[in-house]
K.L.:
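Below you'll find the structure I mean.
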2 protein chains.
Amino acid sequence: MAQTRILEPAENAHQYPLLIKQLLLSGPRYSPDQEIVYANRSKYTYSDLVERIHRLANALTDAGVKPGDTVAVMDWDTPRYLECFFAIPMIGAVLHTINVRLSPDQILYTMNHAEDDVVLVHDDFLPILDAIKGDIQTVKTYIQLTDESSPKSTSLDTAGEYESLLAAAATKFDFPDFDENSVATTFYTTGTTGNPKGVFFSHRQLVLHTLAMTGSLSAYDEMPLLRSSSVYMPVTPMFHVHAWGVPYAATMMGIKQVYPGRYEPELLVDLLKEHKVTFSHCVPTIMQMMMATESIKTADLSNWHVLIGGSALTKGLCDAGAKLGIRMYTGYGMSETCPLLSTTHLKPEDLELPLEQQTAKRVKTGIAVPMVEIEIVDPDGKPVPHDGEAKGEVVTRAPWLTQSYFKQPDKGEELWQGGWLHTGDVASMEPDNTLTIKDRIKDVIKTGGEWLSSLDLENLISQHPAVAGAAVVGVPDEKWGERPHALVTLKPGEQADVSDIQNHLRQFVDSGEINKWAIPEQIDFVEDIPKTSVGKINKKLIRDQLK
Amino acid sequence: MAQTRILEPAENAHQYPLLIKQLLLSGPRYSPDQEIVYANRSKYTYSDLVERIHRLANALTDAGVKPGDTVAVMDWDTPRYLECFFAIPMIGAVLHTINVRLSPDQILYTMNHAEDDVVLVHDDFLPILDAIKGDIQTVKTYIQLTDESSPKSTSLDTAGEYESLLAAAATKFDFPDFDENSVATTFYTTGTTGNPKGVFFSHRQLVLHTLAMTGSLSAYDEMPLLRSSSVYMPVTPMFHVHAWGVPYAATMMGIKQVYPGRYEPELLVDLLKEHKVTFSHCVPTIMQMMMATESIKTADLSNWHVLIGGSALTKGLCDAGAKLGIRMYTGYGMSETCPLLSTTHLKPEDLELPLEQQTAKRVKTGIAVPMVEIEIVDPDGKPVPHDGEAKGEVVTRAPWLTQSYFKQPDKGEELWQGGWLHTGDVASMEPDNTLTIKDRIKDVIKTGGEWLSSLDLENLISQHPAVAGAAVVGVPDEKWGERPHALVTLKPGEQADVSDIQNHLRQFVDSGEINKWAIPEQIDFVEDIPKTSVGKINKKLIRDQLK
């Protein structure tokens, strides 16, 4: 370690710990009257938000919550959830954002594993808890959330309803200072094998993620993502990596926020129109559903900018969006990375290009955001060339990466090797530092001694005009080791057969984008492609079914 | 202290220290071919910048610099200086930015006090060092900087010339990781009494200041301060609080940078025109000099946005700038605060207002930026009301405030009281959180039991059409305790006498802006108003002269 001049204790007496409460300072200061909207139900101002966060902190404390406790939330995307994003960590407790799309058994597992002390639960999820309550081990208190005039009945013994508790609570809470390395949030990642794993983020990490996100996303020339005049609506759930951390950044900047509640495509489009939303983040599946609505045809979406993540942004989706005026960008990250690692970065001159040429840039995984190091490495951990061709595993260093998995240090050691977090993604990097994810390491198809990207193939198949979606997995093959096997869903009313798809792929052989041996012999037309609880293609299940 | 769940060591094994080297990651990645310009002399790209920083680190190491050493720089505002901003802290040494406007005796004091090991010195400042070299105590090595084909001759024994050393150095340096609380930079503040005091900032503090600055300044609707398409030119010196920290932020975002070298008004205006500069920061004096040039009359400055600091932005200057198309904003901070604390914050609807009404908002001290707490307190440290009237001392907490003064812990204890940094400024705060600095505590005029702001009076006097500048100090008065005494400079060719100024001020009595007793009996017309080395009105000297 270099012998630098480190601040003496007396020279560092007023060190300011990085705490989530500081993210709440500037937004209400800039824009006390700015609105926070709950779908078509209600709205309030930033001043109200601050008061409600103070009331919630008092209500939770009155209900027995202490620093170090874990408080879980099961809710739709609501301003209530935003209040929990702040109040729970700000009192020194840990916010557990429960993935309500998991099976009841998995939810039970995560609640017991996280050692939840208190659970805030929306009416709609009461049946889950009613069913598993006998096996919940650590929860002492339930608080009900409702969108109706009175909460639904439940067999749970609850401490009351959220709004009533807030109304009864004092309006001022004295939020303490504490160590910035205190855990602020936790949630569970769902692999395709084994139990969910608990990732966790400290106050310091969330503050740094927010600051870097605000800087990098505001500085885009085209994207008015986080400026005073922006209007933000999340379309990835708040339980999933804190809705990518954007609610923290939006609140810090004091911009208008619209929370949609449930993800009903017609409702989402209505909210876009009514509030002139300028920025969202979304997974491709939901974007497709929104673009299939009737009402989107009459919407002016020329100011709507969308960061697409979760799975790859395809050229087809990006182009279809562009025709509606929607500007899409790829955002890359994962639960373990808080999540932001890279985004598409269009330079001022790129924005002069025709839309189709812009699309080619938008669908790339992008360039690492400030403060993030990204490298691609071979199985020995050695960097591979940045020539746009060579593939390697994406590894990263940044100030906001989860350090381990809760109570699973062995899994944490697998995640971190040689001082870098290993993402499990395979990518190439161009000389200009643009990353393009090619596959998950475990989904790469090894055929005839070559690596074939299942994502590349899915992307090309999905460009066939009749195709709605595609999934490609490797299946064992005596001669070649593995061969690609495709599942394809068709758009309503469209027709295609195996040879149509193969012929479609041949044009990309001619243009040099793929090799001839990449064309699958096996192509099945299916009703639905199996997905995980967070909407990713469940390749493990597909491989199991094909066995 | 709240008993939060602090990360266990095993849960925090991959903590990422915040280091200045990380600020250099994203700019060259986003914009490897983006230009960094040195006045009308030369330019190079971000890729070149990175290589030159590596070469400089090798050259300094070859010259004996070790982590923990102090490396001082005496240069104009140049890309060389930018290279020093990065390379010196990145090798673990401390960058001492010498204030070249101090007297040779004061420069000698700061060099000995900071314990400089190595000095990089421009030709133009060699005479200073030649004169004091016998008394310089710790410097082992001098490196010459020149803008000519060969360096000037000097009696100093130098290790060589900067460009030659870089040319001979290896192109790759392996910058180490180290404790984020290591000192990165130091420089000296000049009060009007006593020796200069050494402030210092850690890597952590500079990284956090940069991240928060980038977010807050990029998010302005009107100000394209730090976006991909911005063009940045500093017009406050790089030795003074790292040119307000903006070179770090601009480099992180990969935007075009123009370094002007010396501050010659005609040159500055030419550079604005040639490079279509969009963002600068400046003190009022230099802005006035630029606005007095012939060439500014033919410049299109409608895209030039300027953060004004150092001393108050007056309505007169802001309005005169607006007529030329220049949009000015107040930025507030001080050497001890790294410096950014607050900026004027115009909301989208404010930008619809007529220019004169915008001016009223632009000249306020503004709203605290993200992560900064600002309060105004009475002499007992108790907050005074935020009613736009009550005055109190401005105190602040933020993650980037200097913790003390180097080797003067007693002065540090005066700076920090009750956990807040005391700025010595007196201000009021409006209910919407807008701060307006009224005076320095020591410059407030106490007359007839009331506090009278010398800045308010200067601002009103300067609105007289014949007036170029004004300074007001309190002078002892038997009856009233103190009375205001004004020094006034007139614009070339303009005339005014004492009663003109007093009559001018009476309109503000009628409009209720000041009380009748605020009008000075003593008004002197002078050629020049005494200024400090950083361009602030030297009120101590004025008071001494008036005695």
Side-chain angles (χ1 to χ4, degrees), chain A residues 1-7 10-16 18 22 25-26 29-30 32 66-68 92 94 176 178-179 181-183 202 208 211-212 214-215 218-221 226-229 252-253 345 347-348 367-373 397-399 401 403-404 409 416 419 421 432-433, chain B residues 1-7 10-16 18 22 25-26 29-30 32 66-68 92 94 176 178-179 181-183 202 208 211-212 214-215 218-221 226-229 252-253 345 347-348 367-373 397-399 401 403-404 409 416 419 421 432-433:
Chain A
M1 185 75 98
Q3 290 301 307
T4 55
R5 193 212 290 173
I6 299 173
L7 293 176
E11 292 176 328
N12 205 12
H14 309 286
Q15 182 73 277
Y16 197 63
L18 302 176
Q22 294 149 7
L25 291 169
S26 51
R29 221 156 44 190
Y30 282 146
K66 297 181 305 298
V94 180
F178 43 76
D179 190 320
N181 291 310
S182 300
V183 180
S202 68
L208 290 168
L211 289 173
T214 313
S218 303
Y220 274 72
D221 277 285
L226 293 166
R227 296 184 193 157
S228 329
S229 58
M252 186 175 89
M253 298 316 303
H345 188 82
K347 298 194 169 74
I367 296 182
V369 301
M371 305 293 292
V372 170
E373 291 176 73
R397 296 180 69 198
L401 309 181
Q403 302 285 303
S404 188
W416 286 89
L421 184 147
D432 77 352
N433 302 302
Chain B
M1 186 74 98
Q3 290 301 307
T4 54
R5 193 213 290 173
I6 299 172
L7 292 177
E11 291 176 328
N12 205 12
H14 308 287
Q15 182 72 277
Y16 197 63
L18 302 176
Q22 293 148 9
L25 290 170
S26 50
R29 223 157 38 191
Y30 283 146
K66 297 181 305 299
V94 179
F178 43 76
D179 191 317
N181 292 310
S182 299
V183 180
S202 67
L208 290 168
L211 289 174
T214 313
S218 303
Y220 273 73
D221 277 286
L226 293 166
R227 297 184 194 158
S228 329
S229 58
M252 186 175 89
M253 297 317 301
H345 188 82
K347 297 193 170 75
I367 296 182
V369 301
M371 304 294 292
V372 170
E373 291 178 73
R397 297 179 70 199
L401 309 182
Q403 303 285 303
S404 187
W416 285 90
L421 184 147
D432 77 352
N433 303 302

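To find a chain, count down the sequence lines: A is the first, B the second, and so on, and within it residues start at 1.
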K.L.:
Heavy-atom pairs under 4.5 Å with chain B: which of Val94(A), Leu7(A), Thr214(A) has the most?
P.N.:
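Most pairs with chain B among the choices: Leu7(A).
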K.L.:
Name the option with the most non-hydrogen atom pairs under 4.5 Å to chain B; the candidates are Ser202(A), Ala398(A), Ala13(A).
P.N.:
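Of the candidates given, the most pairs with chain B belong to Ala398(A).
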K.L.:
For Leu18(A), is it the side chain, the backbone, both, or neither that has a heavy atom closer than 4.5 Å to a heavy atom of chain B?
P.N.:
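Looking at Leu18(A), backbone and side chain both touch chain B.
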K.L.:
Do the side chain of Gln3(A) and the main chain of Pro67(B) share a donor and acceptor less than 3.5 angstrom apart?
P.N.:
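Not confirmed, Gln3(A) side chain does not pair with Pro67(B) backbone.
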K.L.:
With a 4.5 angstrom heavy-atom cut-off, is it the side chain or the backbone of His345(A) that approaches chain B, or both, or neither?
P.N.:
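His345(A) touches chain B through side-chain heavy atoms alone.
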K.L.:
When heavy-atom pairs shorter than 4.5 Å are enumerated against chain B, which of Pro32(A), Ala212(A), Pro409(A), Ser182(A) gives the highest number?
P.N.:
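The answer is Ser182(A).
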K.L.:
Between Met371(B) and Leu211(A), is there a side-chain heavy-atom distance shorter than 4.5 Å?
P.N.:
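They are in side-chain contact.
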K.L.:
Using modelled atom types only, decide if a donor and an acceptor are shared between the side chain of Gln403(B) and the backbone of Gln15(A) within a distance under 3.5 Å.
P.N.:
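Between the backbone of Gln15(A) and the side chain of Gln403(B) there is a qualifying donor-acceptor contact (under 3.5 Å).
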K.L.:
Where on Ala368(A) is there a heavy atom nearer than 4.5 Å to chain B: the side chain, the backbone, both, or neither?
P.N.:
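Both backbone and side chain.
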K.L.:
Taking all heavy atoms of Val369(A) and all of Tyr30(B), pick out the closest pair and write down the distance.
P.N.:
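Looks like CA-OH, 3.6 Å.
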K.L.:
So, using side chain to side chain contact (heavy atoms under 4.5 Å, CB included) as the criterion, who are the partners of Pro348(A) when residues are at least two apart?
P.N.:
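Pro348(A) satisfies side chain to side chain contact (heavy atoms under 4.5 Å, CB included) with Asp221(A), Ser228(B), Ser229(B) only.
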K.L.:
What's the verdict on side chain to side chain contact (heavy atoms under 4.5 Å, CB included) for Thr4(A) and Val183(B), showing C-alpha distance, side-chain angles and the deciding distance?
P.N.:
CA-CA 7 Å; Thr4(A) 55; Val183(B) 180; over 6 Å; no
K.L.:
Are Tyr16(B) and Leu401(A) close enough, and set up right, to give a side chain to side chain contact (heavy atoms under 4.5 Å, CB included), and what steps lead you there?
P.N.:
CA-CA 9 Å; Tyr16(B) 197 63; Leu401(A) 309 181; over 6 Å; no
K.L.:
Counting heavy-atom pairs under 4.5 Å to chain B, which of Lys347(A), Lys66(A), Met252(A), Arg397(A) comes out on top?
P.N.:
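Result: the option with the highest number of such pairs is Arg397(A).
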K.L.:
Quick one: of Leu421(B), Asp432(B), Asn433(B), who has the most non-hydrogen atom pairs under 4.5 Å with chain A?
P.N.:
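Top option by heavy-atom pairs under 4.5 Å: Asn433(B).
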K.L.:
Name the region of Met253(B), side chain, backbone, both or neither, that has any atom closer than 4.5 Å to a heavy atom of chain A.
P.N.:
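Contact with chain A is through the side chain of Met253(B) alone.
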K.L.:
Looking only at heavy atoms, which two atoms of Glu373(A) and Arg29(B) are closest? And how far apart?
P.N.:
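Of all heavy-atom pairs spanning Glu373(A) and Arg29(B), the closest is CA-NH1, 4.1 Å.
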K.L.:
Go through the structure and list residues passing side chain to side chain donor-acceptor pair (under 3.5 Å) with Ser26(B), not counting sequence neighbours.
P.N.:
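Scan of Ser26(B) (side chain to side chain donor-acceptor pair (under 3.5 Å), adjacent residues dropped) gives none.
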K.L.:
Between Val372(B) and Leu25(A), what is the shortest heavy-atom contact and its length?
P.N.:
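Reported closest heavy-atom pair: O-CD1, 3.9 Å.
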K.L.:
For the candidates Gly68(B), Ser404(B), Pro370(B), which exhibits the highest count of non-hydrogen atom pairs separated by less than 4.5 Å from chain A?
P.N.:
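The residue among Gly68(B), Ser404(B), Pro370(B) with the greatest pair count is Pro370(B).
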